[in-house]
Amino acid sequence: MYLSHNASLVTTHVLQEMKNKGEKIAMLTAYDYTMAKILDQSNIDVILVGDSASNVMEGHPTTLPITLDEMIIYGASVVRAVTHAMVVVDMPFGTYQGNSKIALESAIRIMKETGANAVKMEGGREILESVERILCAGIPVMGHLGLTPQSINKFGTYVVRAKDEYEANKLREDALQLQEKGVFSIVLEKIPAALATEVSQSLKIPTIGIGAGNGCDGQVLVLQDMLGLSNDFSPRFLRRYNNLYTSIKDSVHSYINDVKEVTFPNDSEQY
Ligand code: KIV
């Protein structure tokens, strides 16, 4: 019996119970109504409206340019499709780092205008004041440590993070501080599997890994990547469950051919 499949709505409490019982959490990204409906009807536990929308929906090279207004449009579209999953919306770059009052205003806009269940924020000790203020308003927060793509200009590359002891210790401490503040879960992105396992075991709250091994309490992938909608992004952690790039291309070729050959529409496809 799966907790996630029995509950009509996945809440922070359900995710905590899943960790307590050792049931893994499945999270995927979505940014639009159509895809979110398929994920929800497939019984996914959590849908993340990630700021990876900046890359996969808008074609930007980084997640930095996406705006709060754009995230709200994606978030509201996803929420309209969902009856079961928890919906978490990423707070975009520049809406929470500088000032906790602005952070709270941004989080309130997300919750009011999308109807989502929680927000996600990248960073550790640097953003604790904003995290606390948002939590005080009753808004659940998911943390995000390790490779935090909004800091790409500081890191300089998308390589594995926390390989050295200094950065690993900082991550351990940040995870504990986020937990103490009250975040309900933490995404661990692209860090050594052994470190992710250790952090997951040391925390009471669930961790969700991406490129962080199977010792996390759940996993997340970007939907477009796992469906194979593009073939120009192939990190080691990515498992492709389909090859929709080829499948869609083949369908489009068939359509073009049918139109040119005047075999579409046929007699039964017209009025
Ligand atoms: O924006 C995103 O899709 C994310 C996941 C990769 C965790 O933050």
Side-chain angles (χ1 to χ4, degrees), residues 15 24-32 35-36 39 44-68 70-75 77-78 85-97 106-107 110 114 116-124 127 131 140-152 155 158-162 171 174-175 178 183-191 196 199-200 205-213 216-227 229-230 233-240:
L15 298 184
K24 298 281 185 184
I25 298 164
M27 175 159 108
L28 281 172
T29 66
Y31 321 98
D32 70 291
M35 289 295 185
L39 298 192
I44 194 80
D45 297 311
V46 186
I47 298 180
L48 172 66
V49 184
D51 61 356
S52 49
S54 181
N55 311 114
V56 296
M57 300 299 284
E58 301 184 357
H60 295 296
T62 71
T63 57
L64 274 66
I66 199 162
T67 66
L68 185 57
E70 288 165 340
M71 287 303 296
I72 286 172
I73 290 171
Y74 295 128
S77 308
V78 166
M86 168 186 272
V87 179
V88 181
V89 176
D90 256 339
M91 295 189 63
F93 177 67
T95 64
Y96 62 95
Q97 290 91 345
S106 311
I110 290 175
T114 69
N117 308 110
V119 297
K120 178 164 82 59
M121 301 161 72
E122 294 183 7
I127 60 155
V131 169
V141 174
M142 178 180 269
H144 184 156
L145 297 172
L147 176 63
T148 46
Q150 291 179 10
S151 304
I152 183 58
F155 295 147
Y158 288 102
V159 296
V160 180
R161 305 305 314 177
L171 189 142
D174 283 347
L178 285 169
V183 307
F184 69 92
S185 173
I186 301 177
V187 167
L188 298 175
E189 180 164 353
K190 223 169 171 189
I191 61 172
V199 169
S200 303
I205 56 170
T207 60
I208 314 272
I210 173 163
C216 297
D217 303 300
Q219 298 293 328
V220 57
L221 286 175
V222 169
L223 185 66
Q224 278 75 355
D225 297 339
M226 64 83 81
L227 291 178
L229 267 164
S230 69
F233 179 65
S234 293
R236 174 173 170 165
F237 67 78
L238 174 60
R239 183 177 295 179
R240 285 201 171 84

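Atoms within each ligand, like the ligands themselves, are counted from 1 in listed order.
Atoms of ligand 1 lying under 4.0 Å from any heavy atom of Asp90, numbered from 1 in the order shown and given with element: 1 (O), 2 (C), 8 (O). Near Lys120, with a cut-off below 4.0 Å to any heavy atom, the atoms of ligand 1 are 4 (C), 8 (O). Heavy-atom contacts of Gly50 reach the following atoms of ligand 1: 1 (O), 2 (C), 3 (O) (cutoff under 4.0 Å). Residue-ligand proximity, Ile210 to ligand 1, at heavy-atom distances under 4.0 Å covers atoms 6 (C).
With a heavy-atom cut-off of 4.0 Å, Thr29 touches ligand 1 through its side chain alone. By the criterion of a heavy-atom distance under 4.0 Å, neither the backbone nor the side chain of Thr63 is placed next to ligand 1. Residue contacts with ligand 1 for Ile208 are absent, since no atom lies close enough (heavy atoms, distance under 4.0 Å).
Looking at heavy atoms from C-beta onward, Ser185 lies out of side-chain contact with Ile205 at the 4.5 angstrom threshold. Residues Met121 and Val131 have side chains in contact (heavy-atom distance under 4.5 Å, counting atoms from C-beta outward).
Under the 3.5 Å distance criterion, the side-chain polar atoms of Gln219 are matched with a main-chain donor or acceptor of Gly213.
The closest side-chain donor-acceptor pair between Thr114 and Tyr74, if any, does not fall under 3.5 angstrom. Side-chain atoms of Ser54 and Thr63 include no donor-acceptor pair closer than 3.5 Å. Inspection of the Asp217 and Thr207 side chains reveals an N or O donor paired with an N or O acceptor under 3.5 Å. Judged purely by distance below 3.5 Å, without hydrogens or angles, the side chains of Gln150 and Gln97 pair a donor atom with an acceptor atom.
Within the 4.0 Å heavy-atom cutoff, His144 counts among the residues contacting ligand 1.
Counting protein heavy atoms only, atom 5 (C) of ligand 1 is closest to Leu48 CD2, 3.7 Å.
Evaluated by nearest non-hydrogen atom to atom 1 (O) of ligand 1, the leading choice among Ala30, Ser54, Ser52 is Ser52.
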